[in-house]
Each structure stands twice: as structure tokens, then as C-alpha cells.
Amino acid sequence: MSVFAIADLHLSLAPDIDKPMDIYGYRWHDHVARLEKNWRELVKDDDTVIIAGDISWALKLEDAKYDLDWVDSLPGQKVMYKGNHDLWWNGITKLNKMYDSITFVQNDCFAAEDFVVCGTRGWLTPDNDDFKEADEKIYRRELMRMKSSLDAGKKLIDEMGSNVEMIAVMHFPPVSKVASFSGFQQLFEDYGIKHVIYGHIHGEDGFKNTIRGSHHGVEYDLISCDFLNCIPKLIERSRP
């Protein structure tokens, strides 16, 4: 049993939604078919796949259901976190009654194999050049949501035992500039997080300039669909 992760599926399978992704570059060419092929080759029914936001372009749940049905048809237990484009996401209780193979996570954590997965959507961080006064409230709210999730994860680990690793998932990157340090990173340090996965970043320039690798003792992995070339990433335990 394994844990995989990917973000930014950007699906638009509803008949009335026309959002072709290949206009954004070669990495998006035929991405739905490529993702399905790679997913089915890698993921088994008893595996878990973390999906870190921007799942569907739909604005309403009735349209997003086409995309969610497609994800539901794929192997594995899927664990979904909200992205900034997931405007259809509303009513966590209702969402979690829809599918047996999909769990929607909000202000909580999720146990997957020997991992406890904690996370939130995130937002622009204060070091971002586009950060405005209106962003401060959302940023602070997302920090509180991450802390609530980490608190829930810590409690769950106490119940499960010591052979469990807590990892963090976000949709937005936890910091905008690699040389900066955000409140999210401070939380990761405070809670002993060693591995963080996130999406949202696209394009070759974005890939080069976002945080990746080891920083302040934490390993950061970008898992956006185009960066991974539509191949779900195997999540491994950090090494001491």
C-alpha cells in the first residue's frame, strides 16, 4: 500500500465547460488521457492519492460532478484539498456523502498508511509582490486553518503511535520567494514537519523560482500536474 500525490488536475469534463489546458503549453497536451493512463499504471485499489486542489474548473457542484465522477472511477482512495479555482466546493458534510473513494478534507487531518496528512488551501504570503492589504486577512485565516489541522494531526498521532509521520499539504506554495520565511514555515518548524507538498505553480519560470528541496530542515515538493508530467508522485517517508 502506497501514498501518491498530485495537484491541479484542472478538469473540465462537463459538457457546457470549455477549458482546454493545452493552450498553456506542451506539458498540458492531452493531459486528462495521460493522467488516467499513468494513474492506472501506478495506483492500486488499496493505495491513497492526495489531490492538492484545483480539481475542477466548474463553478457549480452539478458541473464539478462530471470531474469528480471521473476521479472516483480511478483506483485508490482519494483525499482532496481545496484550491483557489475550486469554486464548486461548498458544504464539506454534503461533499463527503457523495463518494466512497473520495474524502474531502477541510480544517482536519487524514490518516493514510503510516502518514497523517495535514493541510489547508493557503494563500499569497506577505513576501509576494502582489500581496495587498486585503490578502492579510485571508493569509491569517489560512494560518489558523493550518494550525487547526496540525493540532488534529498531532492528536491523531498520539492515538496511533510513534511510527507515524505527519506531512503537510497546501495548494498554494508555503512561501512566495525561496529566500523568505513565512508563517506557514514557522508552523512546520514548530510542529516538526519534515515534508511539505503543494501545487498551484505552473510554467517553466514558475518551476525554477518556487521553493523545492530542503529548506530549514523541511523537504518541499511541487506536485502540480504539469510539473509532474501527469504522473502521480510517490510520497516516501523522510529519512532521519
Side-chain angles (χ1 to χ4, degrees), residues 5-25 27-36 39 49-72 74 78-92 94-96 98-99 102-107 117 119-125 128 130-132 134-135 137-139 141-142 145-146 149 168-176 184 196-207 210 221-230 232-233:
I6 195 164
D8 304 280
L9 307 188
H10 286 296
L11 300 171
S12 57
L13 300 176
D16 295 331
I17 296 179
D18 183 23
K19 285 280 190 177
M21 291 299 295
D22 53 7
I23 64 174
Y24 298 108
R27 287 176 180 264
W28 289 106
H29 177 68
D30 205 19
H31 86 284
V32 176
R34 289 164 52 215
L35 176 58
E36 179 170 3
W39 189 308
V49 183
I50 302 164
I51 304 176
D54 279 6
I55 300 144
S56 170
W57 279 113
L59 300 179
K60 299 178 180 179
L61 182 57
E62 61 194 62
D63 291 323
K65 192 174 185 301
Y66 288 89
D67 302 323
L68 297 174
D69 287 351
W70 181 84
V71 175
D72 179 52
L74 298 173
K78 292 69 122 180
V79 184
M80 290 188 175
Y81 289 81
K82 187 178 183 179
N84 58 301
H85 288 299
D86 292 318
L87 303 180
W88 52 269
W89 183 303
N90 188 29
I92 191 70
K94 177 182 178 180
L95 290 174
N96 274 317
M98 292 177 62
Y99 300 96
I102 301 176
T103 301
F104 300 84
V105 182
Q106 187 172 296
N107 301 331
V117 186
T120 190
R121 179 191 62 184
W123 195 249
L124 295 180
T125 50
N128 193 294
D130 294 326
F131 191 87
K132 302 291 191 300
D135 295 308
K137 180 178 180 180
I138 305 173
Y139 169 67
R141 184 180 65 200
E142 288 297 313
R145 287 177 171 172
M146 177 61 83
S149 181
V169 55
M170 300 179 65
H171 176 66
F172 282 83
V175 69
S176 297
F184 293 110
V196 176
I197 56 178
Y198 68 95
H200 187 68
I201 301 300
H202 307 294
E204 303 303 325
D205 288 342
F207 299 157
T210 195
D221 273 323
L222 173 60
I223 58 166
S224 54
C225 187
D226 51 333
F227 179 74
L228 296 181
N229 289 314
C230 303
K233 180 179 178 62

Given the rule in the side-chain contact (heavy atoms from CB on, under 4.5 Å) test, do Tyr139 and Thr125 qualify, once you have shown the distances and angles that lead to the verdict?
CA-CA 7 Å; Tyr139 169 67; Thr125 50; 3.9 Å; yes
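- Side-chain contact check for Leu61 versus Asn90: every heavy-atom pair is 4.5 Å or farther apart.
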Pair Ser149, Thr120 - check side chain to side chain donor-acceptor pair (under 3.5 Å), show working.
CA-CA 8 Å; Ser149 181; Thr120 190; over 6 Å; no
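- Atom OG in Ser56 sits 8.0 Å away from atom CG in Leu13 (nearest 0.5 Å).
- Leu222 has its side chain within reach of Phe207: a pair of non-hydrogen atoms, C-beta onward, lies under 4.5 Å apart.
- Atom CG in Leu59 sits 6.0 Å away from atom CG in Leu87 (nearest 0.5 Å).
- Rounding to the nearest 0.5 angstrom, the gap separating the CG atom in Asp22 from the NE2 atom in His29 is 7.0 Å.
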Checking side-chain contact (heavy atoms from CB on, under 4.5 Å) for the pair His171/Tyr198: CA distance, chi angles, key distance, verdict?
CA-CA 5 Å; His171 176 66; Tyr198 68 95; over 6 Å; no
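- No side-chain heavy atom of Tyr81 sits less than 4.5 Å from a side-chain heavy atom of Gln106.
- Atom CG of Leu9 sits about 9.0 Å away from atom SG of Cys230, to the nearest 0.5 Å.
- The backbone N or O of Leu124 sits nowhere less than 3.5 Å from a side-chain atom of Asp135 that would complete a donor-acceptor pair.
- Atom CD1 in Ile201 sits 12.5 Å away from atom CD1 in Ile223 (nearest 0.5 Å).
- Asn229 CG: more than 12 foreign heavy atoms inside a 6.0 Å radius.
- For the ring pair (Phe, Tyr, Trp, His ring centres under 6.0 Å) test, residues two or more places apart in sequence or in another chain that qualify with Trp28 are His10, His31, His202.
- To the nearest 0.5 angstrom, Leu35 atom CG is 11.5 Å from Asp226 atom CG.
- Residues Gly199 and Ala7 approach most closely at CA-CB, 3.8 Å, considering heavy atoms.
- In this structure the side chain of Met146 never reaches within 4.5 angstrom of the side chain of Glu142, judged on heavy atoms.
- Listed by first and then second residue, the salt bridge (charged side-chain N to carboxylate O under 4.0 Å, His left out) pairs involving residues 197-206 are Arg27-Glu204, Asp205-Lys208 (not counting sequence neighbours).
- A search for ring pair (Phe, Tyr, Trp, His ring centres under 6.0 Å) contacts involving Phe172 returns Trp123, His200, not counting sequence neighbours.
- In this structure, the side chains of Asp18 and Trp57 stay at 4.5 Å or more apart for every pair of heavy atoms.
- With 3.5 Å as the limit, one finds no donor-acceptor pair spanning the side chains of Asp8 and Ser224.
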Kindly indicate, with the supporting measurements, whether the criterion side-chain contact (heavy atoms from CB on, under 4.5 Å) is fulfilled by Val117 and Val79.
CA-CA 9 Å; Val117 186; Val79 184; 5.7 Å; no
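- By the 4.5 Å heavy-atom criterion applied to side chains, Ile51 and Val71 are counted as neighbours.
- Listed by first and then second residue, the salt bridge (charged side-chain N to carboxylate O under 4.0 Å, His left out) pairs that reach into residues 60-69 are Lys65-Asp69, sequence neighbours excluded.
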Step by step, work out the side-chain contact (heavy atoms from CB on, under 4.5 Å) result for Ile6 and Ile50.
CA-CA 6 Å; Ile6 195 164; Ile50 302 164; over 6 Å; no
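- Remark: side-chain polar atoms of Arg121 are not paired, donor with acceptor, to backbone N or O of Met170 under 3.5 angstrom.
- For residues 78-91, there are no salt bridge (charged side-chain N to carboxylate O under 4.0 Å, His left out) pairs, not counting sequence neighbours.
- The ring pair (Phe, Tyr, Trp, His ring centres under 6.0 Å) search around Tyr99 returns none, not counting sequence neighbours.
- Ala58 and Ala64 get closest at one heavy-atom pair: CB-N, 3.3 Å.
- Pro174 approaches Val196 most closely through the heavy-atom pair CG-CG1, 4.4 Å.
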